[in-house]
Amino acid sequence: MSQTVDRALSILPLLAEGPADLGRVADRLGVHKSTALRLLRTLHEHGLVYRQSDQRYRLGARLISLAQEAMENLDIREIAHPHLVRLNEQCGHTVHLAVHEEDEVLYIDKVESRYPVRMYSRIGKPVAITVAAVAKLLLADLPEPERRARAEQFDYPLYTARSTPNAPAFLRELEKVRDQGWATDLGGHEESINCVGAPIRGADGRVAAAMSVSAPNVVVTADELLTLLPLVRRTADAISGEYSGRTPVTDPAHPDHRSARTPTKDPV
């Protein structure tokens, strides 16, 4: 039975490449055409594959519907939270999770620092969109025309001397974030607070959320905070893998988890 199920499931990735006839399916599975036909008929009965008028098979509407329903029911916060807690236990600093909703970037989860100096941020509160690391990560993933249009709509409050001053500067910053795959806010919103973040991607490769680690200067310097970037990126990669279904659940603190890359460019 397990071999039959394995063979049937092996048909789906093949048809994801495009329609295929019975002979191609049989060849891919390494079975006789009669065996491949039985598997295809079963999948067809369940709506997982569809036989076209040219006798080739393609993925069925039922499979696509199930995938869409599963994605709609995924809760990124529920998936991410254990990873955020684990990261917080490793570094001790405040950890945030944020998503892009219409014209705002909102915090949807927060794990407090173990240190007595706390950050004033709360779940459901919009971030400072032109300076926050999580906002840069989410906006950097937008298509270039949309990125430019949104940048030109924003106001650019000068919270500190390091705040992003205008749309051209913001677009340059987003391009850099897009290239390097991580972002920082080094005193751009509050002079005493630094932050480093990484993107969380869905099954389509797009950025679905962003996470960050933040700490005040009195607890850790900006340079010291940046040494946590590999751990932050491993955590984001682990959440991405679980959210997208690409990889099994992994512990980002485990030495065998190798997905992070060290920074190769100056921080934004």
Side-chain angles (χ1 to χ4, degrees), residues 1-83 97 99-102 108 137-147 149 178 181 198-211 234-252 256-259:
M1 178 63 71
S2 61
Q3 185 182 48
T4 301
V5 173
D6 181 71
R7 285 173 172 171
L9 293 177
S10 297
I11 294 173
L12 301 179
L14 169 62
L15 299 186
E17 300 171 7
D21 60 21
L22 178 60
R24 187 181 174 199
V25 172
D27 289 343
R28 175 68 67 91
L29 297 180
V31 299
H32 193 273
K33 285 185 178 182
S34 61
T35 301
L37 182 59
R38 285 197 300 272
L39 295 171
L40 285 165
R41 282 176 173 169
T42 300
L43 291 172
H44 183 270
E45 288 171 3
H46 288 275
L48 302 181
V49 305
Y50 177 79
R51 189 175 68 178
Q52 301 178 161
S53 58
D54 61 2
Q55 305 307 307
R56 293 189 302 165
Y57 293 84
R58 60 173 171 79
L59 293 180
R62 176 62 176 157
L63 180 64
I64 297 169
S65 175
L66 287 171
Q68 290 175 338
E69 185 177 353
M71 289 301 298
E72 289 170 2
N73 290 330
L74 280 178
D75 184 344
I76 184 67
R77 182 183 180 277
E78 181 179 351
I79 291 170
H81 186 74
H83 297 274
L97 179 70
V99 295
H100 190 195
E101 299 241 343
E102 297 183 356
I108 61 171
L137 289 160
L138 289 158
L139 294 172
D141 190 60
L142 296 174
E144 194 276 336
E146 185 176 355
R147 215 159 60 228
R178 188 179 178 92
I200 296 166
R201 299 183 182 276
D204 59 359
R206 299 293 304 276
V207 175
M211 55 156 294
R234 284 197 294 271
T235 302
D237 286 349
I239 299 169
S240 298
E242 190 174 344
Y243 181 63
S244 66
R246 289 193 301 268
T247 59
V249 179
T250 52
D251 183 346
D256 288 339
H257 191 102
R258 311 289 188 187
S259 61

Legend entry - Nearest atoms (heavy-atom pairs only) where V49 meets Y57: CG2-CD2, 4.3 Å

Inset, instruction - Would you check if the side chain of R201 reaches a backbone N or O of R206 as a donor-acceptor pair within less than 3.5 Å? - result: no

Inset, instruction - With rounding to the nearest 0.5 Å, note down the distance linking CG in D237 to NE2 in H83. - result: 11.0 Å

Inset, instruction - I would like to know whether H46 and T42 meet side chain to side chain contact (heavy atoms under 4.5 Å, CB included); could you show each step before the answer? - result: CA-CA 7 Å; H46 288 275; T42 300; 4.1 Å; yes

Legend entry - Donor-acceptor pair, side chain of S10 and main chain of D6, under 3.5 angstrom: yes

Legend entry - Test salt bridge (charged side-chain N to carboxylate O under 4.0 Å, His left out) applied to R7 - qualifying residues, sequence neighbours left out: none

Legend entry - Expected output: side-chain R147 to main-chain L142 donor-acceptor under 3.5 Å: yes

Inset, instruction - Work out which heavy atom in A208 is nearest to a heavy atom in G202; give both atom names and the distance. - result: CB-N, 4.3 Å

Legend entry - From R62 atom CZ to L43 atom CG, the distance as rounded to the nearest 0.5 Å: 13.5 Å

Legend entry - More than 12 heavy atoms from other groups under 6.0 Å of CD on E17: yes

Legend entry - Separation between CG of L139 and NE2 of H100, rounded to the nearest 0.5 Å: 5.0 Å

Inset, instruction - Tell me, please, which residues at least two apart from R51 pass salt bridge (charged side-chain N to carboxylate O under 4.0 Å, His left out). - result: none

Inset, instruction - State, yes or no, whether a side-chain contact exists between L48 and L59 at a heavy-atom distance under 4.5 Å. - result: no

Inset, instruction - Would you confirm whether S65, through its side chain, and A61, through its main-chain N or O, come within 3.5 Å as a donor-acceptor pair? - result: no

Legend entry - pair R24-D27: side-chain heavy atoms closer than 4.5 Å: no

Legend entry - H32 side-chain N/O to S34 backbone N/O, donor-acceptor pair under 3.5 Å: yes

Inset, instruction - Go through the steps for L39 and L29 under the test side chain to side chain contact (heavy atoms under 4.5 Å, CB included), then give the verdict. - result: CA-CA 11 Å; L39 295 171; L29 297 180; 3.8 Å; yes

Inset, instruction - Mind checking the CG-CD spacing from L40 to E45? Nearest 0.5 Å is all I need. - result: 11.5 Å

Inset, instruction - Verify the neighbour count for atom CZ of R58: are there more than 12 heavy atoms of other residues, nucleotides or ligands below 6.0 Å? - result: yes

Inset, instruction - Salt-bridge test for D54 and R56: reply yes if a basic N is under 4.0 Å from a carboxylate O, no otherwise. - result: yes

Legend entry - L97 side, atom CG; I239 side, atom CD1 - distance, nearest 0.5 Å: 6.5 Å

Inset, instruction - Considering non-hydrogen atoms only, spot the tightest contact between G181 and P199 and give its length. - result: O-CD, 3.2 Å

Inset, instruction - Flag the pair T235 / M211 as yes when at least one side-chain heavy-atom distance between them is below 4.5 Å, and no otherwise. - result: yes

Inset, instruction - Please round to the nearest 0.5 Å and tell me the distance separating atom CZ of R178 and atom CD of E144. - result: 9.0 Å

Inset, instruction - Identify the heavy atoms of I76 and V99 that sit nearest to each other, and give their distance. - result: CG2-CG1, 4.4 Å

